[in-house]
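Labels below follow one simple rule: chain letters A, B, ... track the order of the sequence lines, proteins then strands, and each chain is numbered from 1.
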There are 2 protein chains.
Amino acid sequence: MYFCNVKTDRNSFTEENYLKAIHKLSRINPKGVSTNAIAGAMETKASSVTDMVKKLALKMLINYKKYQGVTLTEKGRKAAVSVVRKHRLWEVFLVDNLGFKWDSVHEIAEQLEHVQSEELVIRLDRYLGIPQYDPHGDPIPDSDGNITHHKDTCLSDLKVNQVAVVVGVKDSSSSFLQHLEKMKLVLGASVKVDEIVDFDKSMSICISDGLPVSISEAVAKNLYIKR
Amino acid sequence: MYFCNVKTDRNSFTEENYLKAIHKLSRINPKGVSTNAIAGAMETKASSVTDMVKKLALKMLINYKKYQGVTLTEKGRKAAVSVVRKHRLWEVFLVDNLGFKWDSVHEIAEQLEHVQSEELVIRLDRYLGIPQYDPHGDPIPDSDGNITHHKDTCLSDLKVNQVAVVVGVKDSSSSFLQHLEKMKLVLGASVKVDEIVDFDKSMSICISDGLPVSISEAVAKNLYIKR
DNA sequence: ACTATTTTTTAGACTTATCTAAATTACGGG
DNA sequence: CCCGTAATTTAGATAAGTCTAAAAAATAGT
Ligand SMILES: [Mn+2]
Ligand SMILES: [Mn+2]
Ligand SMILES: [Mn+2]
Ligand SMILES: [Mn+2]
């Protein structure tokens, strides 16, 4: 890392992916995201991250001081949220309009999110009916960059006999989503806690008034619900 | 250019753009596309082209022998046509569904054409009603890579009093399309040749039975028509 | 057939993004 | 406070794609 082209206003695919990762990690670690955390999220090495954060800092997208971790600047936050907005809008399009299943849209959206055109985002948003949530229940940022997080309680927080509605998933991996689908544990489904096994914290639940089925603690912890 | 990763089956954005350019130029120059012609189309330097064609040849996408010009292999043709198909399908989507004007979709399609997903192309094609032509009248290759070129005669080929319908444009530049739009000279419009000025080959034509308007030879040569 | 010009290729350098290995810095436990 | 370990940064290398300048090959004109 010798020199840097600060004059460019546009960010590369890679830069956008770093910003998105930092933005996501900031929610867990608001005081500063560590180099290692970013490397983990980006599936790259810490040394590569160090190079990149230097560049992002030069472009005034993040605050970075050696060994201190990084935080997004307002400019960086805007850029990150814009990518998230595009990602989630495209996921809605793929599921609602093209008929994709919710477990196979993430990878494609990962590419579509980098298409550059203000006009396109505005028109797509309107075309889709200004949706508030993506197919996994994640909130879609508005055009000003505001996000309203509604996911607070997990299915694992419920007690026996409590009732709720599934509103989101924490893990969006294909394997997890397919597993949920098999049990008809999809967004909008109602759940009632039938029993909690003390030994392994697994739950027996009734999905949409069906017969009780058992789910592991891992599943319960990755499902967001609304009471 | 020292070494090359032949193992990758996927082509990079840049490689795809080169293939697309070579494919387009092959129609004018079927015996072999010159380095300079590619450099012109790609807005790059001849030396960069030489490097790239070596790589594409290693990947068996083109036939290349020094100083001989290049031709696409069947594998290369398939790859090029696949990109063209995606480009044109996305243009249809942008105009028909999102309400873009035909003069502002090319740049966005230039990005969307590189999104990798077989499934996406199939579903998009179906969603759009398996369209045969893009917003500029260019034929959309089918899923097997077949293209039926229908553009053969230009408006400039017509004689006085002959009648035809506009079916395509040769130049898809924003400025040309906007110029056409102002005269209501859009796809599907009928034209009748009122007069041909011998001096500069400019034409006076009636568009959709309207009053005669004058167009330059340059415009007439860039409009495809069907009699 | 022999130049003169154009076209194409090569050589060497630069940028972005990545890696491995080595050097620094930070931090927690005694 | 010191020391060992973990986290982070640096140094140096690689790969893709680009460029300029120079060399080599092809082509054209006489
Ligand atoms: Mn996603
Ligand atoms: Mn991405
Ligand atoms: Mn186009
Ligand atoms: Mn392109």
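- Atom CZ in A:Arg10 sits about 16 Å away from atom P in C:dT16, given to the nearest Å.
- For A:Thr50, the side-chain atoms get nearest to D:dT8 when compared with the rest of D:dT8, D:dA11, D:dC19.
- Between B:Tyr18 and D:dT18, a side-chain N or O to OP1/OP2 separation shorter than 4.0 Å is present.
- Residue-level contact check: B:Ser48 touches the bases, meaning some heavy atom is under 4.0 Å from a base atom.
- With a 4.5 Å cut-off on side-chain heavy atoms, A:Arg88 and A:Pro139 count as touching.
- Between B:Asn36 and C:dT6, a side-chain N or O to OP1/OP2 separation shorter than 4.0 Å is absent.
- Set against D:dT8, D:dT9, C:dT18, the side chain of A:Lys66 has D:dT9 as its closest nucleotide.
- Distance, A:Asn17 CG to C:dT16 P: 17 Å, rounded to whole Å.
- Which of D:dT18, D:dC19, C:dT18 sits closest to the side chain of B:Lys45 comes down to D:dC19.
- The phosphate of D:dT10 (OP1 or OP2) has a side-chain N or O of A:Lys54 nearer than 4.0 angstrom.
- Side-chain contact between A:Thr35 and A:Tyr67 is absent, with no heavy atoms from C-beta onward closer than 4.5 Å.
- B:His136 places a side-chain N or O within donor-acceptor distance of the main-chain N or O of B:Trp102, the cut-off being under 3.5 Å.
- OP1 or OP2 of C:dC19 has at least one side-chain nitrogen or oxygen of A:Thr44 nearer than 4.0 Å.
- Positionally, the nearest nucleotide of DNA chain C for A:Glu15 lies more toward the 5' end than for the other of A:Tyr67 and A:Glu15.
- Atom CE of A:Met42 is separated from atom C1' of C:dC19 by 15 Å (rounded to the nearest Å).
- Spacing between atom CD of B:Gln68 and atom P of C:dT7 amounts to 16 Å, rounded to whole angstrom units.
- Minimum atom distance to the side chain of B:Ala46 is reached by C:dT9, of the listed D:dT8, C:dT9, D:dT10.
- A donor-acceptor pair shorter than 3.5 Å cannot be found between the side chains of A:His87 and A:Asp134.
- Across C:dT18, D:dT20, C:dT8, the shortest atom-to-atom separation from the side chain of A:Asp51 is found for C:dT18.
- Residue-level contact check: A:Ser47 touches the bases, meaning some heavy atom is under 4.0 Å from a base atom.
- Atom CG of A:Asn11 is separated from atom P of C:dT15 by 19 Å (rounded to the nearest Å).
- What separates NZ of B:Lys65 from C1' of D:dA25 is a distance of 16 Å, to the nearest Å.
- Rounded to an integer number of Å, the gap from CD of B:Glu16 to P of D:dA16 is 16 Å.
- Within 4.0 Å of B:Tyr64, counting heavy atoms only, lie sugar-phosphate atoms of the nucleic acid but no base atom.
- Side-chain atoms of A:Gln178 and A:Ser174 include a donor-acceptor pair closer than 3.5 Å.
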